[in-house]
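See below for the structure under consideration.
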Amino acid sequence: MKLIHYTISKLSVVLIAILSAWACLFYFNILDEILDETDDSLENYKNLIIRQVLTDTSAIDHHNDLMSQYMIKEISEREAIHYRERYFDSTRFYETELEFDPVRVLKTAFRGQDKKFYELTVMISTLEQDDMIEAILQWIIILYLTLLVCILVVTEIVFRRSLAPFYKLLNWLNTFTLGEKNPPLDNPTKIKEFRRLNETIAQMTRRSEEMYSQQKQFIENASHELQTPLAICRNKLELLAERPDCTGEQLQEIADIHRTMGRIVKLNKSLLLLSRIENGQFHEVKEVELNPIIRELLDDFREIYEHKELQIQLEESAACKVRMNESLANTLVTNLLKNAMVHTPPEGEITIRVLANEITFTNSGDGTPLDSTRLFTRFYQADNKKPDSTGLGLAIVQSIANLYGLRITYTHANGKHKFSLKINKL
């Protein structure tokens with residue numbers, strides 16, 4: 001959820017609660033005022049009727065019209081003493097309309113000129129009052145919704161304009177790539193906090209670019225400085241082995257040292273490749289079809305491992321394409337194919353299946369499953385580790401897969417090892 005939407009949603013909850021409480025209080029206060037006005041009218045009407053009855057006894061007769069009605073009946077002195085004046089809502093039947101309408105009623109008691117006690121019932125129709133209350137309620141709801149929508153719309157407009165520098169900064173960071181030529185951060189703003197954020201981000205990116213350049217330079221220097229002395233050592237060992245005075249035992253020792261030096265060279269290259277992958281130094285990306293890469297490498301590996309007499313089967317159901325660096329695509333397939341070749345016993349079976357969004361490498365083994373929790377970590381090797389294995393092949397595969405959002409999995413069934421590379425569709 002975006003920051004502006006999150007803020008607006010939280011603000012909406014608060015506004016709805018506040019405006020709802022305000023609308024309810026306003027409605028009930030207006031309703032109370034209307035009732036007070038009605039009761040005041042009943043009070044005035046009562047006083048007028050009592051004064052009229054005290055001066056003219058003929059007014060004791062009932063009065064009835066469309067908007068008001070009063071009735072007077074005689075009560076005992078005992079009832080009059082304990083009588084309590086009260087207001088309440090009721091209904092009145094209109095014979096002309098044959099229906100009941102709401103009325104507000106006042107009941108009170110008084111003493112007439114004839115020393116007798118009477119009960120006075122005064123009614124006022126509240127039809128207009130109910131219509132007015134209904135109209136007030138409708139307008140309160142309209143005002144409430146209009147006010148809420150206006151506040152939220154204005155708030156969102158203000159937030160969007162206020163947060164524009166923040167989103168511009170986010171867009172710049174999304175397009176920023178280490179090792180490439182990036183446009184300068186041009187994000188002027190009057191907001192002090194955003195200016196400080198711009199300065200901090202600019203400083204951090206400058207430091208990151210400097211560290212990236214230093215690390216890249218170190219990797220390049222290490223690659224050059226280490227490969228050269230290693231190559232010299234291997235050449236000197238070869239010259240030493242050609243000397244006629246070398247004994248068979250010395251030649252064996254030289255061969256072991258030469259083999260170890262070769263493993264160090266491969267280890268150095270693999271570690272440098274891992275560092276370059278993790279530092280994101282492979283920027284060129286294009287659509288790569290893996291089928292021809294697999295076929296070409298398979299022909300080369302068949303010659304290299306011809307002595308193992310492996311039974312290799314390639315099944316292509318579709319063209320498998322992925323957007324990635326072409327060099328890393330070659331490395332990815334090479335390591336998976338070499339892993340299957342190296343760890344398959346002589347006269348074993350290897351099956352490679354190519355689908356549109358998945359490639360599987362299945363090879364026979366000794367029946368013992370590998371540790372899937374450590375399989376893709378650096379320098380992990382099974383118990384039957386090979387002398388020419390660096391333990392970095394699958395770690396490189398995992399790093400390349402992580403770089404391009406691919407998924408590499410391992411399963412073991414029926415004595416066979418299966419590596420599956422799932423490709424995201426373009």
Side-chain angles (χ1 to χ4, degrees), residues 13-152:
V13 174
V14 177
L15 284 175
I16 289 172
I18 293 175
L19 291 178
S20 298
W22 170 85
C24 292
L25 289 174
F26 180 77
Y27 173 75
F28 286 112
N29 280 330
I30 291 295
L31 186 62
D32 185 63
E33 286 296 325
I34 293 174
L35 289 177
D36 285 344
E37 288 296 326
T38 304
D39 292 345
D40 289 343
S41 297
L42 286 172
E43 181 73 20
N44 294 332
Y45 196 20
K46 176 198 74 173
N47 293 332
L48 289 174
I49 294 171
I50 292 176
R51 282 199 300 268
Q52 185 177 1
V53 169
L54 291 177
T55 57
D56 183 8
T57 56
S58 63
I60 292 178
D61 297 334
H62 295 180
H63 169 78
N64 187 7
D65 59 27
L66 290 176
M67 297 303 299
S68 63
Q69 176 183 8
Y70 72 84
M71 296 173 289
I72 300 175
K73 70 174 183 178
E74 186 178 348
I75 58 175
S76 64
E77 182 179 357
R78 183 177 179 182
E79 288 178 312
I81 294 174
H82 298 286
Y83 200 92
R84 182 172 297 177
E85 185 176 270
R86 63 190 186 275
Y87 297 88
F88 59 91
D89 293 319
S90 183
T91 57
R92 182 176 66 171
F93 183 75
Y94 288 87
E95 295 181 356
T96 56
E97 299 180 1
L98 298 178
E99 63 179 13
F100 288 90
D101 288 334
V103 292
R104 184 72 173 171
V105 181
L106 166 63
K107 283 184 175 289
T108 187
F110 68 94
R111 185 176 183 181
Q113 286 184 341
D114 54 2
K115 308 303 181 182
K116 294 181 181 179
F117 294 92
Y118 299 92
E119 179 189 56
L120 172 62
T121 302
V122 184
M123 301 180 187
I124 293 181
S125 175
T126 56
L127 275 175
E128 293 184 356
Q129 172 186 315
D130 290 347
D131 293 340
M132 183 170 59
I133 291 174
E134 184 178 349
I136 290 173
L137 180 60
Q138 289 177 354
W139 280 106
I140 287 176
I141 293 174
I142 293 172
L143 177 63
Y144 166 78
L145 294 177
T146 304
L147 186 62
L148 180 63
V149 171
C150 290
I151 290 175
L152 292 179

Check your understanding: Distance from D36 atom CG to E43 atom CD, nearest 0.5 Å?
Key -> 12.0 Å
Study note, to complete from the structure: So CH2 of W139 and CD1 of I30: to nearest 0.5 Å the spacing works out to 15.0 Å
Check your understanding: Rounded to the nearest 0.5 Å, what separation is found between the CH2 atom of W22 and the CG atom of L143?
Key -> 4.5 Å
Practice item. Can you see which heavy atom on S76 is nearest to which on F117, and at what distance? Key: O-CB, 4.3 Å
Review point. Within a strict 4.5 Å, meaning less than it, do heavy atoms of the M71 and M123 side chains meet?
Key: yes
Study note, to complete from the structure: Smallest heavy-atom separation, Y144 atom then S20 atom, equals OH-OG, 2.9 Å
**Study point:** Rounded distance [0.5 Å steps], CG in L42 versus OG1 in T121
**Key:** 11.0 Å
Review point. Backbone N or O of D40 within a donor-acceptor pair of the N44 side chain at under 3.5 Å?
Key: yes
Exercise for review: Decide if atom CZ of R84 counts as having more than 12 heavy atoms of other residues, nucleotides or ligands within a radius under 6.0 Å.
Suggested key: no
Revision key, fill the gap. In this structure, CD1 of I151 is separated from OG1 of T146 (nearest 0.5 Å) by 11.0 Å
**Study point:** Within-4.5 Å side-chain heavy-atom neighbours: Y83 and E119
**Key:** yes
Check your understanding: So do K46 and F110 actually touch side chain to side chain, heavy atoms under 4.5 Å?
Key -> no
Check your understanding: Say you draw a straight line from CD1 of I136 to CD1 of I34; how long is it, rounded to the nearest 0.5 Å?
Key -> 4.0 Å
Point to revise | Where A23 and I140 come nearest, the two heavy atoms and their spacing | key: CB-CG2, 3.9 Å
Check your understanding: Taking all atoms of both residues into account, what is the closest heavy-atom pair of I75 and A109, and its distance?
Key -> CD1-CB, 4.1 Å
Point to revise | Check: D89 and R104 side chains under 4.5 Å, non-hydrogen atoms | key: yes
